[in-house]
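See below for the structure under consideration.
Chain naming here is simple, since letters A, B, ... match the order of the sequence lines and numbering starts at 1 in each. The basis for the numbers below is simple: all heavy atoms, side chains too, and nothing from hydrogens, waters or symmetry mates.
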Amino acid sequence: MTTPVLVAVAWPYASGSRHIGHLAGAYLPSDIFARQQRIIGNEVLMVSGSDVHGTPITVRADAEGVTPQDIVDRYHSEFLQQWDQLGISWDLYTTTGTSNHSEVTQQMFLSQLDKGHIDRRKSEQLFDEEAKRFLPDRYVEGTCPHCGSQDARGDQCDQCGKTYDAIELLDPRSKMSSSTPVLQETEHFYFRYSDFNQPLGSFLEAKQGWRNHVINFAMGWLREEGLLDRAITRDLDWGIKLPVDDLGEGKRIYVWYDAVIGYLSASKEWAESRGDPDRWKHWWHNPQARHVYFIGKDNIPFHVLFWPAQLMAVGKDIGGEELHLPDDVPANQYVTFKGGKASASRGVGMTIEEGLKRFQPDSLRYALAANFPEQADTEISIEEIARRVNDELVANWGNLVNRVISMTHKTCGGAVAKPGTYSEEDVSLLEFVDRSLEESAGLFESVELRSALRKGMEAAQAANRYLNATEPWKLSKTDPERAKTVLYVALSAINGIRVMLSPFLPFSSEKLNEFLGEPEGWQRIQLPVGLPIPKPEPLFEKVEI
RNA sequence: GGCGGCGUAGCUCAGUAGGUAAGAGCGCUCGACUCAUAAUCGAGAGGUCGACAGUUCAAAUCUGUCCGCCGCUACCA
């Protein structure tokens, strides 16, 4: 039975280059999971896109003297190119800048407004008169009201660690113009997240098998003070227009309300583009569907609390049925470099571009997958990646394929030879491979990708061990028939292992598919006798650093 | 400050409901092999499981305190 699986992937912010941490946190795990789900026959819809709204983009645009759209275009095209190079298999990678996304966002907004889950409130905010802009906390600095530190950030003091509201800052300064911001009243729409504390509690309590840090974090948040209502509009001219004009000009829907809506709007866009506009309902109006969200841990509140609340709040207003809530949110923790969180802006770690410059895509994918921060923050470095590539990927899997193909040419004339009767060790190896396939399938279900990868590598190791034990290079002289059987078994093992590794290593797997054929399900299939095997060619290059 | 997490072999990490003498991969040492990108295979060395105290017949696993590190703390998303 096939299951419709929505693979929902965090929307990268088109405000700058993304780094290896983002890759290991969301984009790679989602792709690996999606590829495996496709092989086992599930109906995968994998969507994401560039998040084009938000203050950092407008600030950057101002700083460079270009338009926000220029910034968005620059990074969106950079992302597209990198996804292509990395083999990220989106069904749709779009942006939040489409008219479709605006429409869906406005539709949700109106529904929630109509149901009373959105209301209007006035507040006083810091306003930069020079830049003519209301200032998010992050763009204000000043003197800490607690410890007197001179350069405290707008929402938290790095010196004493205390948090506060930006309007409490003594001697506030705008980071945009260095002028002194003034308090100005403004009115905004608020989403009444507090309406959903109870339903969210029930929703989360019913969840089984979620990662500890995800469920702990969400439950903790609810238990502490529950969700507070949050303003979902801003005084901006960059963002989705409001579908009502109650607040006058100069207001836009704010990014963190609309970005998560991208999962739904992208699903609709995908359905529209394939000429089947209602197809999205197969995932969103289907209780049998499975929605898996791939995000970094910084995104947990948005996907485990805010987004489900927003979905609940529309009821049956979109498409006539309730919208499917998240089934699993296997958020990854952080990849760290020299103990610190990766950050492109602070120059910690490596951008995706640098990673691709140094390593082949499959090599980078392997090394990161082997180090996915699924349980805890995981330390990584260029040396670690190179080590994983040279001492594991090349030495174990790459070498296995190479040595077997090479021997197939020397003793079987470059084609799969007819095997004789299997010995005990032959059967035992193939059973090991088949068992590994089963076990890795289970690990994929629980999104334990690191362990799933290990299963494949263990099988490759078993095959290497088998070769050392059977010594087909000697048999070819003493017992050619037996040598052919051994090589048949070894090729059969490879035929199973490559299925297991293919979600992780799409490019090199494609090379194997060229002669072994596309995987037919999550299993090892019978190798046809006489199948031509191409000349050996290393699957992966060793890297030097 | 509050909340969450982490601290296990040289490195990167697993350790499921406390219970056989603490695991894996890589590295290292020794040995085997030579088909293979000096790759592979075997054996071995290596840890008072951050510290201290407690619960228990029994704790890396539970409790408390402490030390160190990281993240979040709602206007970064």
Side-chain angles (χ1 to χ4, degrees), chain A residues 10-13 15 51 53-56 59 125-126 134-140 146 154-156 160-163 165-166 193 212-214 216-221 223-225 227-231 234 254-256 259-260 295-303 305-306 333-334 336 339-341 345 367 370-381 383-384 387-388 390-392 394-396 398-411 448 450-451 454 457-458 461 463-469 471-476 483 486-487 490 536-542:
Chain A
W11 291 55
Y13 205 20
S15 62
D51 182 350
H53 300 305
T55 316
V59 170
Q125 307 237 324
L126 290 171
F134 279 96
L135 296 167
D137 288 357
R138 300 273 160 151
Y139 290 94
V140 183
H146 297 99
D155 53 352
Q156 178 172 25
C160 66
K162 291 210 165 93
T163 56
D165 203 297
Y193 288 101
N212 277 331
H213 70 275
V214 176
N216 282 347
F217 184 83
M219 290 304 251
W221 195 318
R223 217 180 301 119
E224 285 305 308
E225 40 187 338
L227 294 192
L228 305 180
D229 302 335
R230 311 211 322 167
R234 289 292 184 281
Y254 199 53
V255 60
W256 51 252
V260 284
I295 60 170
K297 66 175 167 184
D298 51 337
N299 244 325
I300 291 172
F302 291 89
H303 292 78
L305 300 169
F306 301 158
Q333 309 235 19
Y334 292 135
T336 61
K341 175 188 172 185
S345 57
N371 276 24
F372 276 161
E374 292 173 345
Q375 316 285 341
D377 291 355
T378 298
E379 175 73 11
I380 205 167
S381 61
E383 291 77 13
E384 169 73 3
R387 204 218 89 216
R388 291 278 190 189
N390 291 340
D391 299 336
E392 295 182 8
V394 172
N396 185 4
N399 179 50
L400 172 69
V401 172
N402 206 232
R403 70 195 294 210
V404 171
I405 290 183
S406 171
M407 281 188 277
T408 300
H409 275 269
K410 286 182 182 169
T411 60
E448 295 176 73
R450 263 172 89 135
S451 299
R454 191 98 275 288
M457 295 305 278
E458 280 171 7
Q461 194 171 34
N464 274 317
R465 201 179 303 131
Y466 167 83
L467 290 172
N468 279 54
E471 302 185 304
W473 53 92
K474 285 185 181 168
L475 290 172
S476 66
V486 166
L487 288 175
E537 186 190 339
L539 283 179
F540 316 101
E541 291 164 13
K542 279 198 150 199

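- With rounding to the nearest 0.5 Å, the separation of CD in A:E392 from CE in A:M457 is 6.0 Å.
- For A:Y193, the ring pair (Phe, Tyr, Trp, His ring centres under 6.0 Å) criterion is met by A:F191, A:F306, not counting sequence neighbours.
- Whole-Å rounding puts the A:E379 CD to B:G25 P distance at 22 Å.
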Contact list (N/O, under 3.5 angstrom) for nucleotides 44-46 of chain B vs protein:
none

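- Distance CZ (A:R387) to C1' (B:A39): 16 Å, rounded to an integer number of Å.
- Atom C1' of B:C13 sits at a distance of 13 Å from the matching atom of B:C6, rounded to the whole Å.
- Comparing B:C72 with B:C28, their P atoms sit 37 Å apart, to the nearest whole Å.
- Side chains of A:Y254 and A:T55: a donor on one and an acceptor on the other come within 3.5 Å.
- Whole-Å rounding puts the A:N396 CG to B:G27 C1' distance at 16 Å.
- The closest side-chain heavy-atom distance from A:E384 to A:N371 is below 4.5 Å.
- The same atom, C1', is picked in B:G1 and in B:C49; the two are 31 Å apart, to the nearest Å.
- Across A:N464 and A:R403, no two heavy atoms sit closer than the pair OD1-NH1, 2.8 Å.
- Minimum atom distance to the side chain of A:T378 is reached by B:U12, of the listed B:U12, B:A39, B:G5.
- In this structure, CG in A:L135 is found 6.5 Å from CG in A:L126, a value given to the nearest 0.5 Å.
- Nearest nucleotide to the A:D391 side chain, out of B:C72, B:C11, B:C26: B:C26.
- When heavy atoms are screened at a 4.0 angstrom cut-off, A:N212 is found touching no nucleic acid atom at all.
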Structure string for RNA chain B in dot-bracket form, Watson-Crick and G-U at under 3.5 Å, | interchain: (((((((..((((.....[...)))).(((((.......))))).....(((((..]....))))))))))))....
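- Between A:R454 atom CZ and B:G25 atom C1' there is a gap of 5 Å when expressed in whole angstrom units.
- Side-chain proximity of A:L228 to the nucleotides B:A74, B:U12, B:G25 is greatest for B:A74.
- Here A:K410 pairs with A:S406 under the side chain to side chain contact (heavy atoms under 4.5 Å, CB included) rule; sequence neighbours left out.
- For the pair A:E448 and A:K297, nearest-nucleotide mapping onto RNA chain B gives the more 5' position to A:E448.
- At B:U12, none of the side-chain N or O atoms of A:R388 fall inside 4.0 Å of OP1 or OP2 (strictly under the cut-off).
- For the P atoms, the distance from B:C11 to B:G7 is 14 Å, rounded to whole Å.
- Base contact: A:L135 has a heavy atom under 4.0 Å from a base atom.
- Using P as the reference atom, B:U63 and B:U56 are 16 Å apart when rounded to the nearest Å.
- Residues A:I300 and A:L305 have side chains not in contact (no heavy-atom distance under 4.5 Å, counting atoms from C-beta outward).
- Within 4.0 Å of A:Q461, counting heavy atoms only, lie sugar-phosphate atoms of the nucleic acid but no base atom.
- Between the OG atom of A:S15 and the NE2 atom of A:H53 there is a distance of 13.5 Å, given to the nearest 0.5 Å.
- Taking atom CD of A:E374 as the reference point, atom C1' of B:C6 lies 16 Å away to the nearest angstrom.
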Contact pattern, 5' to 3', of nucleotides 33-38 of chain B - B, S or - by protein heavy atom under 4.0 Å: SSBBB-
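- Going from the P atom of B:G25 to that of B:G42 covers 9 Å, rounded to whole Å.
- By the 4.5 Å heavy-atom criterion applied to side chains, A:T336 and A:T378 are not counted as neighbours.
- Rounding to whole angstrom units, CZ of residue A:R450 and P of B:G15 are separated by 9 Å.
- Heavy atoms of A:L227 sit under 4.0 angstrom from at least one base atom.
- In this structure, the ring pair (Phe, Tyr, Trp, His ring centres under 6.0 Å) partners of A:F134, at least two apart in sequence or on a different chain, are A:F127.
- Between A:D298 and A:Y334 the shortest side-chain heavy-atom distance falls below 4.5 Å.
- Taken from CH2 in A:W11 to CG in A:N299, the straight-line distance is 13.0 Å, to the nearest 0.5 Å.
- Rounded to whole angstrom, the span from the CD atom of A:E392 across to the P atom of B:U40 amounts to 10 Å.
- Under 4.0 angstrom from either OP1 or OP2 of B:G5 there lies at least one side-chain N or O belonging to A:N216.
- Using atom P as the reference point in both B:A32 and B:U16, the two lie 41 Å apart (nearest Å).
- In this structure, A:F217 reaches the sugar-phosphate backbone alone: every heavy-atom distance under 4.0 Å involves primed, P, OP1 or OP2 atoms, never a base.
- Taking the C1' atom of each, B:C26 and B:U20 are spaced 28 Å apart, rounded to whole Å.
- Side-chain contact between A:V404 and A:L467: present, with at least one pair of heavy atoms (C-beta onward) separated by less than 4.5 Å.
- The side chain of A:W221 has B:A74 as its nearest neighbour among B:A74, B:U12, B:A77.
- Atom CD of A:E458 is separated from atom P of B:A24 by 11 Å (rounded to the nearest Å).
- Under 3.5 Å, the side chain of A:W11 and the base of B:A77 form no donor-acceptor pair of N or O atoms.
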